[in-house]
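Quick notes on the structure that follows.
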Amino acid sequence: MTGQVVTRFAPSPTGFLHIGGARTALFNWLYARGRGGKFLLRIEDTDRERSTPEATQAILDGMAWLGLDHDGEVVSQFEGAARHAEVAHELLSQGKAYKCFATQDEIATFREQARAEGKSTLYQSPWRDADPASHPDAPFVVRIKAPREGTTVIRDQVQGDVTIRNDQLDDMVLLRSDGTPVYMLAVVVDDHDMGVTHVIRGDDHLNNAARQMTIYEAMGWDVPVWAHIPLIHGPDGKKLSKRHGALGAQEYQAMGYPAAGMRNYLARLGWSHGDDEYFTDAQAKDWFDLDGIGKSPARFDTKKLENICGQHIAVSDDAALLQEITEYLVAANEPALSDAKTVLLRDGMYCLKDRAKTFPELIVKAAFILSDRPLVPDEKAAKNLDLVSRGILKELTPQLQNASWSRDGLEAVTNDFAEANELKFGKMAGPLRAALSGRAMTPSVFDMMLVLGRDETIARLTDAAAYNAESDPG
RNA sequence: GGCCCGUUCGUCUAUCGGUUAGGACGCCAGGUUUUCAACCUGGAAAGACGAGUUCGAUUCUCGUACGGGCUACCA
């Protein structure tokens, strides 16, 4: 197969962008982007009962967050209904499909009985070879004439060759009795019309592929390359569901995971490139291939997600990080940052980003920037502001006041002070931390002083020296 | 019920007949340190089970068990 690679992601707009769907989209995106191909987006909204515009928007938003940009317009499958029906009628006129007048009740009855007798529940319509002259004037569905002899082989790039006996295939419905096309027809027609060359989708469609191939064959169309990927499971190995926690891609945004880390983690879930665990988008695009996809379902592991995200945050560009944090705040329904805080946060980013796995974690560490005087120490910090500690601060403050405001200068002053008072530096760190941030978990005290500046630092130290720990435990 | 797919440390995975079965996350221990974290070093930890094929199976075949999917006038 030569020519440009065209992949697509085709979600049903019945809810948010599922995290499993996000991974499917990512695989398609990676495959196309790594090969100079196209990545298309089609909304499968033929089920009018369950499809909503809100869900479509949620999917678009989720993809935008993950940075999965698609080529061309978003295609609405429903809008192609006339074309789908046209194909069904073409098949009908060629005798490759037929009108079936069996009612749903008849079929249901047949299936119940077949099941009770332990026989195949595949419905074989008596109308398949009926003489048109015998057709009643009644509603009918259009069914394809599926082959009944031989086998159908799905040459799947992930699952290998999967052989299905044709006697397991039913004459599936193409057009409902109201004339509307069903999904199974619509996907095939759309994929063909859109020039899709590689279909990468969940393995819940593996069996469907065999049915869909009968349509491709009836129309004389080329079958795309199939790649049916295993679904993602929850930590307990069961199908990922609501009780496992977050399912929607955007919930992960609201929890403060960076998009780059999410892409890396999701790509690594079920796909591998040797022992590579942490990689950039450019590497992923370069490396991603169908034969690196595993055949067994993978479980979602938050711990590893966090670890990968931490690595991405650590190497992120400060300005880009600030931008993403701003967007996170909106997604998480947190108050926005003031301009002044934004500037400080940008200046302090260098000492915050190397230790945070998620944005909320980064924000906790940024408490020294985000809180204003007078600081209210939390319980742990308050313990570091006892009488002795306050005494240390009281004496140290004037010396810092005159220090040269650089990392070396500050270190020199504190070290001299420690030596002169026969203190271990550790003794001073706790109180300084508490005084500067009101917290026990912070970046280095020198980094905080540098970011805060001389005036604010001295003011905070003075506040803390006067803090009454006994009457206000925090 | 029928058909299809899957099964390597707790988790994600490497291995493409011959390895002390490797890496990562997590976990445990020690070190360092400015508490926590981070960081460094070390450690425990795996081929579902049973038959075959083979000089040799994690790797190939079959069976069993377990998990998953499909079996709609849903997608």
Side-chain angles (χ1 to χ4, degrees), chain A residues 10-14 44-47 49-51 77 100 102-104 107-108 111 114-123 139-143 154 156 158-160 162-165 167-170 172-184 186-187 202-211 228 230-231 233 235 237-239 265 268-278 291 294-308 310 314 354-357 361 365 380-381 383-384 414 424-430 432-434 439-446:
Chain A
S12 308
T14 54
E44 311 228 311
D45 51 0
T46 52
D47 183 341
E49 303 278 297
R50 297 194 297 157
S51 300
Q77 185 159 68
C100 171
T103 65
Q104 295 194 55
I107 298 170
R111 277 202 251 267
R115 182 144 203 147
E117 291 170 13
K119 291 196 285 202
S120 168
T121 56
L122 279 187
Y123 180 68
F140 59 88
V141 297
V142 174
R143 289 181 184 272
I154 305 163
D156 195 277
V158 173
Q159 308 289 342
V162 178
T163 305
I164 311 259
R165 291 212 318 272
D167 60 17
Q168 296 299 319
L169 266 27
D170 59 350
M172 65 177 171
V173 171
L174 262 22
L175 254 32
R176 301 185 183 93
S177 48
D178 64 1
T180 59
V182 299
Y183 158 82
M184 212 65 91
V187 232
D203 68 5
D204 48 337
H205 287 287
L206 182 56
N207 285 282
N208 288 339
R211 291 190 183 78
H228 288 93
L231 271 15
H233 285 182
K238 301 285 185 187
K239 189 176 175 180
Y265 176 71
R268 191 63 186 68
L269 202 57
W271 170 78
S272 63
H273 180 263
D275 283 336
D276 295 305
E277 302 282 348
Y278 167 84
D291 57 20
K295 289 188 190 170
S296 50
R299 304 183 188 198
F300 198 89
D301 180 11
T302 310
K303 283 287 201 289
K304 185 138 184 177
L305 202 214
E306 287 180 352
N307 178 276
I308 294 288
D354 59 340
R355 293 176 175 106
K357 299 189 198 77
E361 221 176 281
K365 294 193 161 113
K380 277 186 179 172
K383 281 188 184 141
N384 283 324
T414 39
K424 272 204 75 173
F425 181 51
K427 272 281 182 206
M428 301 158 59
L432 280 170
R433 236 176 249 288
R439 297 294 158 82
M441 227 198 273
T442 72
S444 140
V445 293
F446 301 115

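Quick note: numbers below take in every heavy atom, side chains included, and nothing from hydrogens, waters or symmetry partners. Nothing here was measured: the structure is a model prediction, and the numbers come from that model. Numbered from 1 within each chain, the chains take letters A, B, ... in sequence-line order.
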Scan [X] against the nucleic acid and name what it touches under 4.0 Å (heavy atoms): base, sugar-phosphate only, or nothing.
| X | result |
| --- | --- |
| A:Val182 | sugar-phosphate |
| A:Ser51 | nothing |
| A:Ser296 | sugar-phosphate |
| A:Arg355 | base |
| A:Gly294 | nothing |
| A:Thr46 | sugar-phosphate |
| A:Phe446 | base |
| A:Gly426 | sugar-phosphate |
| A:Met172 | nothing |
| A:His205 | base |
| A:Ala108 | nothing |
| A:Gln168 | sugar-phosphate |
| A:Asp178 | nothing |
| A:Val445 | base |

[N], OP1 or OP2 - any side-chain N/O from [X] closer than 4.0 Å?
| X | N | answer |
| --- | --- | --- |
| A:Arg143 | B:C73 | yes |
| A:Arg115 | B:U71 | no |
| A:Thr121 | B:G2 | no |

Checklist entry - Under 4.0 Å between a Lys/Arg side-chain N and an Asp/Glu carboxylate O for A:Arg165 and A:Asp167? => result yes
Next on the checklist: Under a 4.0 Å threshold between the charged nitrogen and the carboxylate oxygen, would A:Glu277 count as salt-bridged to A:Lys304?
Outcome noted: yes
Please list, for nucleotides 39-46 of chain B, all pairs of protein and nucleotide N/O atoms separated by less than 3.5 Å.
none

Checklist entry - Taking atom NE2 of A:His205 and atom CE of A:Met184, what is their separation to the nearest 0.5 Å? => result 8.5 Å
Next on the checklist: Taking A:Asp276's backbone N and O only, do any of them form a donor-acceptor pair with A:Arg268's side chain (distance below 3.5 Å, no angle check)?
Outcome noted: yes
Item to check | Nearest atoms (heavy-atom pairs only) where A:Asp45 meets A:Pro13 | outcome: CB-CG, 3.8 Å
Checklist entry - What pair of heavy atoms forms the shortest contact from A:Ala314 to A:Asp354, and how long is it? => result CB-CA, 4.0 Å
Nearest to the side chain of [X], heavy atoms from C-beta on, is which of [options]?
| X | options | answer |
| --- | --- | --- |
| A:Val141 | B:C73, B:U13, B:C5 | B:C73 |
| A:Asp204 | B:G69, B:G26, B:C36 | B:G69 |
| A:Arg176 | B:C73, B:C25, B:C5 | B:C73 |

Item to check | Sequence-distant partners of A:Asp170, side chain to side chain contact (heavy atoms under 4.5 Å, CB included), two or more places apart | outcome: A:Leu122, A:Met172, A:Arg211
Next on the checklist: So, using side chain to side chain contact (heavy atoms under 4.5 Å, CB included) as the criterion, who are the partners of A:Arg50 when residues are at least two apart?
Outcome noted: A:Thr14, A:Asp47
Next on the checklist: Nearest heavy atom decides the nucleotide; on that basis, is A:Lys295 or A:Ser120 closer to the 5' end of RNA chain B?
Outcome noted: A:Ser120
Checklist entry - On RNA chain B, nearest-nucleotide positions of A:Lys424 versus A:Asn307: which is more 5'? => result A:Asn307
Checklist entry - Partners of A:Phe300 by ring-ring contact (aromatic ring centres under 6.0 Å, His included), sequence neighbours excluded? => result A:Tyr252, A:Tyr265
Report all interatomic pairs (protein N or O, nucleotide N or O of nucleotides 20-23 of chain B) with separations under 3.5 Å.
residue, atom, partner, partner atom, Å
B:G22, N2, A:Asp275, OD1, 2.6
B:G23, N2, A:Glu277, OE2, 2.4

Sort me out a list of protein N/O and nucleotides 64-68 of chain B N/O pairs below 3.5 Å, or just none if empty.
none

Checklist entry - Can a donor-acceptor pair under 3.5 Å be found between the side-chain atoms of A:Arg50 and the base atoms of B:C74? => result yes
Checklist entry - For the pair made of CG in A:Asp167 and C1' in B:U71, what is the distance, rounded to whole Å? => result 14 Å
